[in-house]
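Structure first, commentary second.
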Amino acid sequence: MIVNNSLDEVKKRESAFRIIKKILEEKGRDSLFDVTGLSGGFIASKKELELLETYVGPAVFEDEIQIVGKEHLGGEKVLPVNRTSAGILATVLALVGEGSHVAHFLADYPGHPSIPRSCALAGASYEEFIDINEFAIPDNTSLVVITGSTMDLQVIDEDLFTQVISRAHEKDIPVLVDDASGARLRTAVFNQKRATDLGADLVVTSTDKLMPGPRGGLMAGRAELIDEIKIKVNQFGLEAQPPLIMAMINGIKAYTPEVLRKSVSRKEEFYGLISKKYEMFEKTPNGIKVQEANLANQLKVLNIETELSEKDCCFLWSMVLLKEEGIITIPAVGMPGASDTIRFDLSTKDVIDMDLDVLQDKIDNSFDVFLDLVQKVEMAEKLIFFDE
Ligand SMILES: *Cc1c(COP(=O)(O)O)cnc(C)c1O
């Protein structure tokens with residue numbers, strides 16, 4: 001095993017950044033292809049950047065994010081935070097008492113790690129459900145969480161969404177929706193309503209998922225709850241700073257659901273192409289992916305033996321994709337605990353117009369190198385903890 005714990009994941013991430021920097025310096029930005037769906041855009045005009053230096057700017061942006069954010073997410077009040085995880089933590093700190101319970105409903109396991117971690121910090125018990133017939137809200141429940149679209153972009157059924165909300169509200173329990181990517185994916189591609197329009201009390205989205213914004217979290221919902229959460233946000237330094245808020249506003253304004261929809265039809269074509277050669281790919285709403293078990297299975301089909309764990313195989317291929325082809329996927333650059341699924345999001349600006357044959361060649365080449373490296377553990381380890 002090469003990547004065994006959070007520290008290894010941090011080191012792996014640092015090594016991915018070294019590779020990205022090397023490619024940038026040697027070949028330029030055009031040789032990098034970010035298909036994570038998290039592109040961290042930072043749109044800003046010169047005039048806006050100048051505003052940041054005065055006391056006037058923050059006042060302007062705080063006011064504007066209320067307007068732009070409410071249009072995007074609905075709700076009575078908006079709260080910009082440092083990350084989606086920060087919004088989740090602040091909500092749990094504000095609403096979940098020690099010894100209480102949090103019930104989470106989602107389309108597929110697992111929920112984002114920040115949710116169980118926040119509950120553990122608050123001293124609350126926590127349970128995840130993917131089957132509505134098993135979904136339980138014990139009497140000591142303080143918060144119900146719904147994930148709109150999981151880290152692997154599994155989208156919840158809208159009927160189940162409203163059922164969970166009614167069951168929580170029957171017991172007067174507030175509902176937080178983790179709509180990190182769902183706020184756009186559900187609405188643009190699945191024609192679902194915004195979480196607040198479905199009755200959710202609170203929603204949080206990630207402003208760099210499937211939109212040209214910066215890594216940040218945007219919350220919206222009932223004003224009285226947002227105010228309670230805002231206190232925790234300020235007490236623990238979880239709020240978004242003015243430059244982040246400015247870029248969030250511009251990212252939301254620049255977001256177009258059409259780009260997301262275009263990637264849906266390209267996905268069908270690409271899946272058809274690539275599945276002629278491999279068994280491991282599956283479709284996502286806006287691209288394709290390879291899950292841990294399917295990658296392991298593909299190795300078996302090819303009669304390739306390896307001492308690496310299934311997770312290590314994901315990290316390794318992701319690093320090869322980066323080093324050999326400049327393709328950036330989550331397992332290489334993700335935070336500790338992020339999904340190890342290798343996902344190719346076709347809606348990102350680096351590949352939205354790329355010839356699909358060219359993209360397939362890149363994937364083929366990287367896979368050949370990967371097949372060689374899975375049999376050479378020492379070299380694989382060197383690449384994962386790349387230092388040059
Ligand atoms: C990405 C994601 C998060 C966390 O976003 P961060 O910006 O990393 O805090 C939470 N929940 C889901 C479902 C996500 O996909």
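Counting from 1, the numbers follow the sequence of the chain as shown. As the structure lists them, so they are numbered: ligands from 1, and atoms in each ligand from 1. As the structure is a prediction and not an experimental result, all values here were calculated from the model.
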For the CG atom of L322 and the CZ atom of R18, what is their distance to the nearest 0.5 Å? 12.0 Å
Hey, do the aromatic rings of F105 and F129 have their centres closer than 6.0 Å? no
Which word best sums up how the rings of W317 and F367 line up, parallel for under 30°, tilted for 30 to 60°, or perpendicular for over 60°? perpendicular
Note: G287 and L346 closest approach over all heavy atoms is CA-CG, 4.0 Å
Parallel, tilted or perpendicular: ring planes of F281 versus Y278, cut at 30 and 60 degrees: perpendicular
Quick check on ligand 1: any N or O pairs to the protein under 3.5 Å? One line per pair.
unit_1	atom_1	unit_2	atom_2	d
ligand 1	7 (O)	R215	NE	3.1
ligand 1	8 (O)	R83	NE	3.3
ligand 1	8 (O)	R83	NH2	3.1
ligand 1	8 (O)	R215	NH2	2.5
ligand 1	9 (O)	R83	NE	3.0
ligand 1	9 (O)	R83	NH2	3.4
ligand 1	9 (O)	T84	N	3.4
ligand 1	9 (O)	S85	N	2.8
ligand 1	9 (O)	S85	OG	2.6
ligand 1	11 (N)	D178	OD1	3.1
ligand 1	11 (N)	D178	OD2	2.6
ligand 1	15 (O)	K209	NZ	2.8

From the list R184, R194, K253, side chain to side chain donor-acceptor pair (under 3.5 Å) partner of H72 resolves to R184
